[in-house]
There are 2 protein chains.
Amino acid sequence: MSALSGIPAKGATPANDQDGASLSKAQLAHQWIRSRISDGTFSPGYRLVLGQIARELDVSAVPVREAIRLLEAEGLVTFERNIGAQVAMLDATEYVHTMQTLSLVEGYATALSAPALNADTLDRARRINAEMADCLDHFDPVSFTRLNLEFHSVLFEGCPNPHLLDLVHRGWSRLSALRDSIFSFVPGRAHESVAEHAALLDLIENGADPIQVELAARNHRLGTLEAFLARQKIVAPVTSPASASPAPKGKNNEVPQ
Amino acid sequence: MSALSGIPAKGATPANDQDGASLSKAQLAHQWIRSRISDGTFSPGYRLVLGQIARELDVSAVPVREAIRLLEAEGLVTFERNIGAQVAMLDATEYVHTMQTLSLVEGYATALSAPALNADTLDRARRINAEMADCLDHFDPVSFTRLNLEFHSVLFEGCPNPHLLDLVHRGWSRLSALRDSIFSFVPGRAHESVAEHAALLDLIENGADPIQVELAARNHRLGTLEAFLARQKIVAPVTSPASASPAPKGKNNEVPQ
DNA sequence: TCCTTCTAAATCGTATATGATTTGATACAT
DNA sequence: ATGTATCAAATCATATACGATTTAGAAGGA
């Protein structure tokens with residue numbers, strides 16, 4: 001029956017054309033929208049209309065809807081019943097909350113990851129940090145931001161807790177996807193940042209207490225947040241003091257002992 | 001205009017019957033499945049078939065699918081392309097990772113919430129803890145578990161960071177929804193738990209450093225995790241030491257100072 | 001008996017169609 | 001001229017229909 005002719009009897013690629021990736025339309029739409037958000041084509045507030053996106057991707061509205069609900073769960077878009085979806089707005093308050101959460105989970109992930117880092121890996125981190133220092137001289141904020149993610153990725157990717165790692169990824173993804181030019185770079189902070197990176201690496205290399213590594217990594221990110229808030233503080237207070245700065249004095253959450 | 005008569009002129013409920021809740025079918029399905037998971041009707045590993053659930057709820061498969069994808073994002077079900085969904089299995093490793101993550105976010109949320117807690121609220125927490133002590137005498141693990149959530153809720157619900165609060169809720173929800181009888185209660189731990197609750201309340205009442213509150217809350221939960229692991233350890237090592245117990249000796253992560 | 005191959009049922013993934021809701025525009029009355 | 005009610009277009013939410021994929025079981029051969 002199936003031995004008719006030269007047509008490949010069963011080996012015919014089942015679903016997709018030939019790449020073997022085999023993406024569902026929903027996944028396709030998810031990646032497509034996501035990349036559009038990342039590259040700024042869909043900027044925060046942009047209205048995501050199901051039918052419109054569906055036509056553009058030549059699919060039906062159903063998988064597009066699924067993609068958007070997934071993006072909603074990731075915090076990249078907001079969605080309202082019978083109204084629709086739009087790219088999430090990352091206002092100052094949201095930025096503070098996201099950074100605060102990221103500082104927490106990234107700090108812990110880094111501490112859990114630290115014991116697994118070998119000399120080679122630490123050396124790679126040092127080289128990346130050196131490149132970041134170079135970027136300061138040439139004033140290259142874009143590369144600096146990219147390298148910053150690379151640096152921290154080296155440190156936290158070894159985290160053995162997948163849930164925690166996922167939270168770290170989500171935080172970074174939210175920040176990088178929705179980054180507004182306002183938040184991307186605080187000039188005066190960059191030098192300090194490179195120095196703190198070096199200090200963090202020293203701690204890890206010397207096998208410091210996990211809690212020390214954790215708080216160093218956490219305070220490093222909170223420092224960036226504080227720098228941002230310091231620039232904004234004259235304009236308007238963003239949140240209640242307790243939430244905006246869990247350690248306003250800078251002394252309460254220093255590395256203990 | 002609207003003074004016609006007893007009939008509410010324009011206020012006629014637009015979509016739903018009369019309750020005003022106005023749930024979408026997807027939300028309905030979400031809650032329905034979720035409650036079935038919580039009450040154990042759908043136990044871990046149970047296969048969730050779209051059409052079957054759709055028929056039972058008298059809706060189409062589309063909103064059921066959406067509900068399931070949402071539950072997947074919450075970590076309550078697993079989903080595989082072209083295969084289907086099933087209630088997530090909470091094995092020992094997953095339990096460890098979930099508890100570890102919860103200890104982190106709940107600890108921080110509690111610390112951030114602490115300054116906002118007034119005397120009345122703290123008193124309520126003390127009363128709940130007293131009830132928990134009673135449960136120990138009558139050996140009532142079910143009430144104990146419920147009160148435990150209540151107690152901690154009082155402490156962390158004041159957290160001003162909604163993202164963080166959401167993570168805490170997800171952790172609890174995962175644990176309570178997927179709890180297996182195996183994990184629900186470690187007898188020897190309960191007395192210690194009540195004592196630690198009291199200590200935590202004292203810290204908060206005395207306005208202790210946020211970092212102290214955070215680590216006390218964190219270590220309280222990690223203590224429960226350790227108790228579980230201690231019971232299991234003879235059978236088989238669950239994960240690598242670094243992930244299972246970030247502070248194996250119990251001394252590395254004590255409250256500093 | 002065991003392994004392979006085919007077939008069919010079950011289920012998922014998506015397209016299309018239709019009802020429900022919101023929103024903006026227009027017409028009308030004051 | 002302004003505010004209000006009505007209507008139409010756009011869009012979301014869901015039902016139905018159909019193609020694609022997986023999986024279990026039957027049929028056939030070694």
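Chain identifiers are assigned alphabetically (A, B, ...) following the order of the sequence lines, protein sequences preceding nucleic acid strands; residue numbering begins at 1 within each chain.
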Checklist entry - Using 4.0 Å as the upper bound for N to carboxylate O, is an ion pair formed by A:Asp120 and A:Arg124? => result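 Salt bridge flag = no for A:Asp120 with A:Arg124.
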Return the value, rounded to whole Å, for the distance between atom [atom1] of [X] and atom [atom2] of [N].
X	N	atom1	atom2	result
A:Arg81	C:dT21	CZ	P	8 Å
A:Leu23	D:dA20	CG	P	18 Å
B:Gln27	D:dA13	CD	P	9 Å
A:Ile68	D:dC12	CD1	C1'	11 Å
A:Phe79	C:dT22	CZ	P	13 Å
B:Arg69	C:dT14	CZ	P	9 Å
B:Asn82	C:dA10	CG	P	18 Å
B:Lys25	C:dT18	NZ	P	17 Å

Checklist entry - Between D:dC12, C:dC12, C:dT23, which nucleotide has the shortest distance from any of its atoms to the side chain of A:Leu50? => result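 Of the candidates, D:dC12 comes closest.
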Checklist entry - Where does the angle between the aromatic ring planes of A:His152 and A:Trp172 fall among parallel (under 30°), tilted (30 to 60°) and perpendicular (over 60°)? => result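 Tilted: the ring planes of A:His152 and A:Trp172 meet at 30° to 60°.
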Checklist entry - When all nucleic acid strands are considered with a 4.0 Å heavy-atom cut-off, which category describes B:Leu48: base, sugar-phosphate, or nothing? => result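 The residue B:Leu48 makes sugar-phosphate contact but no base contact.
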Next on the checklist: Counting C-beta onward and ignoring hydrogens, is there a side-chain heavy-atom pair between A:Leu155 and A:Ser113 closer than 4.5 Å?
Outcome noted: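 Contact flag for A:Leu155/A:Ser113 side chains = no.
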Checklist entry - Going by number, which of residues 55-63 of chain B have a non-hydrogen atom under 4.0 Å from DNA chain D? => result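 Only B:Val59, B:Ser60, B:Val62, B:Pro63 qualify.
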Checklist entry - With a distance cut-off below 6.0 Å to the six-membered ring centre and an angular limit of 45° from the axis, does A:Arg218 pair with B:Tyr108 as a cation-pi contact? => result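 Geometry flag: set, cation within 6.0 Å and 45°.
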Validation: residues 47-57 of chain A side-chain donor-acceptor distances under 3.5 Å, sequence neighbours left out:
{"residue": "A:Arg47", "atom": "NH2", "partner": "A:Ile83", "partner atom": "O", "Å": "3.0"}

Checklist entry - Any donor-acceptor pair under 3.5 Å linking the side chain of A:Arg69 with the backbone of B:Arg69? => result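 Pair absent, no side-chain N/O of A:Arg69 close to backbone of B:Arg69.
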